[in-house]
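Naming convention: chains lettered A, B, ... in sequence-line order (proteins, then strands); numbering from 1 in each chain.
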Protein chains: 2
Amino acid sequence: MQIGETAAAAGMTAKTLRFYEDSGLLPPADRTPNGYRSYTRKTVDRLEFIRRGRAAGLTLAQIGDILSVRDVGQSPCVHVQDVLAMRLSNLDAQIAELAALRDTVAEMLGTAVAGDPAICDPARICSYL
Amino acid sequence: MQIGETAAAAGMTAKTLRFYEDSGLLPPADRTPNGYRSYTRKTVDRLEFIRRGRAAGLTLAQIGDILSVRDVGQSPCVHVQDVLAMRLSNLDAQIAELAALRDTVAEMLGTAVAGDPAICDPARICSYL
DNA sequence: GTGCACCTTCCCCTAAACTGGAAGGTCAAG
DNA sequence: CTTGACCTTCCAGTTTAGGGGAAGGTGCAC
């Protein structure tokens with residue numbers, strides 16, 4: 001597949017794929033004789049993984065860490081285990097943090113819905129937030 | 001109050017206040033005869049509102065929308081509800097993605113632990129770390 | 001009258017994750 | 001043979017939320 005088709009399949013632009021290659025999230029693409037990048041279905045899978053990570057609010061660097069561990073397969077390497085364990089606890093911490101924020105926002109929203117808009121005092125802005 | 005004192009009262013820096021003024025989140029400050037910006041307690045309230053919004057993960061643009069609705073004399077409550085509801089559903093989606101990713105990583109870790117660490121070649125497998 | 005801590009504007013810098021555009025190569029269709 | 005849709009590299013700009021630091025004014029204490 002050419003870059004545009006691959007990008008479209010993953011819901012991205014060709015620019016983004018080149019950017020990911022430069023950033024090390026994608027390995028240097030195979031080239032056809034004319035110099036065009038050539039991709040396979042596996043690239044689309046990888047891009048979708050990246051997209052899900054981005055949707056989860058991970059940085060490209062964090063996603064890259066996970067991918068690079070994934071790239072060595074199911075290696076029994078102790079260091080890989082360490083990295084994975086660390087990623088896992090980072091993820092747990094991040095989830096806990098977001099969950100706490102979620103509760104805070106839900107509470108703000110609860111207050112907002114419970115309040116009578118007519119009573120909202122413009123001078124104090126809005127006491128919900 | 002001078003800018004530094006006001007900023008400190010809101011847990012911010014003077015730079016941030018000037019930036020908020022430039023960004024339209026604060027109205028152009030009153031000036032003392034010597035040209036210094038002069039603030040009142042109301043400014044601190046506004047800054048604290050901004051800080052709470054930021055803590056909830058709202059962008060300055062979203063906070064600015066809420067403030068500008070209030071600034072034309074309308075109660076921003078309904079708008080605040082909308083923004084908070086949207087933020088809440090963003091958070092839920094983000095948490096769900098992170099949880100799915102967490103499972104993936106946990107599974108990778110399970111596979112890694114199942115292997116035999118003794119056959120790990122640190123020079124080859126872990127060189128990218 | 002000199003420090004010192006404030007304040008002012010101005011402009012540049014940061015990181016992350018792209019996006020746009022220029023200048024040019026490739027290829028199938030009409 | 002040319003048009004149009006692709007592709008290539010490279011360089012530059014955008015956005016978010018400020019931070020750094022220069023060059024200079026102000027005001028109070030000693």
Problem set entry | Which residues share a side-chain contact (heavy atoms from CB on, under 4.5 Å) with B:Met86, sequence neighbours left out | none
Exercise. Do B:Leu47 and B:Tyr20 come close enough that some side-chain heavy atom pair is under 4.5 Å?
Worked result: yes
For this session: Name all pairs fulfilling the salt bridge (Lys or Arg N to Asp or Glu O under 4.0 Å) condition that reach into residues 87-100 of chain B, sequence neighbours left out, sorted by first residue then second.
Result: A:Arg102-B:Asp92
Exercise. In what stems does DNA chain C take part, counting only runs of at least 3 consecutive Watson-Crick or G-U pairs whose two distances fall under 3.5 Å?
Worked result: C:1-30 with D:1-30
Exercise. What do the steps show when you test A:Arg41 against A:Glu48 for salt bridge (charged side-chain N to carboxylate O under 4.0 Å, His left out), and what is the final call?
Worked result: CA-CA 11 Å; A:Arg41 171 72 213 170; A:Glu48 278 168 354; 3.7 Å; yes
Exercise. Are any side-chain N or O atoms of A:Arg54 and backbone N or O atoms of A:Leu58, one a donor and one an acceptor, separated by less than 3.5 Å?
Worked result: yes
Exercise. Partners of A:Thr32 by side-chain contact (heavy atoms from CB on, under 4.5 Å), sequence neighbours excluded?
Worked result: A:Asn34, A:Tyr36, A:Ser38
Exercise. Has B:Thr16 got a side-chain N or O lying under 4.0 Å from the OP1 or OP2 atom of D:dG19?
Worked result: yes
For this session: Provide, to the nearest angstrom, the distance between the CG atom belonging to A:Leu17 and the P atom belonging to D:dT9.
Result: 13 Å
Problem set entry | For atom OH of B:Tyr20 and atom C1' of D:dG19, their distance in whole Å | 13 Å
Problem set entry | Contact state string [nucleotides 2-16 of chain C, B base, S sugar-phosphate only, - no protein heavy atom under 4.0 Å] | ----BSBBB------
For this session: Whole angstrom is fine here: how far is it from OH in A:Tyr39 over to C1' in D:dC7?
Result: 11 Å
Exercise. Does A:Leu25 belong to the same Ile/Leu/Val/Met/Phe/Trp/Tyr cluster as A:Val44, with side-chain heavy atoms less than 4.5 Å apart forming each link?
Worked result: no
Problem set entry | Nearest-Å distance for atom pair CG/P, residues B:Asp22 and D:dG18 | 13 Å
Problem set entry | For atom CG of B:Leu58 and atom C1' of D:dA17, their distance in whole Å | 14 Å
Problem set entry | Which residues share a side-chain contact (heavy atoms from CB on, under 4.5 Å) with A:Phe49, sequence neighbours left out | A:Arg52, A:Ile63, A:Ile66, A:Leu67, A:Arg70, B:Leu101, B:Thr104
Exercise. Within the pair A:Thr13 and C:dC18, is there a side-chain N or O less than 4.0 Å away from OP1 or OP2?
Worked result: no
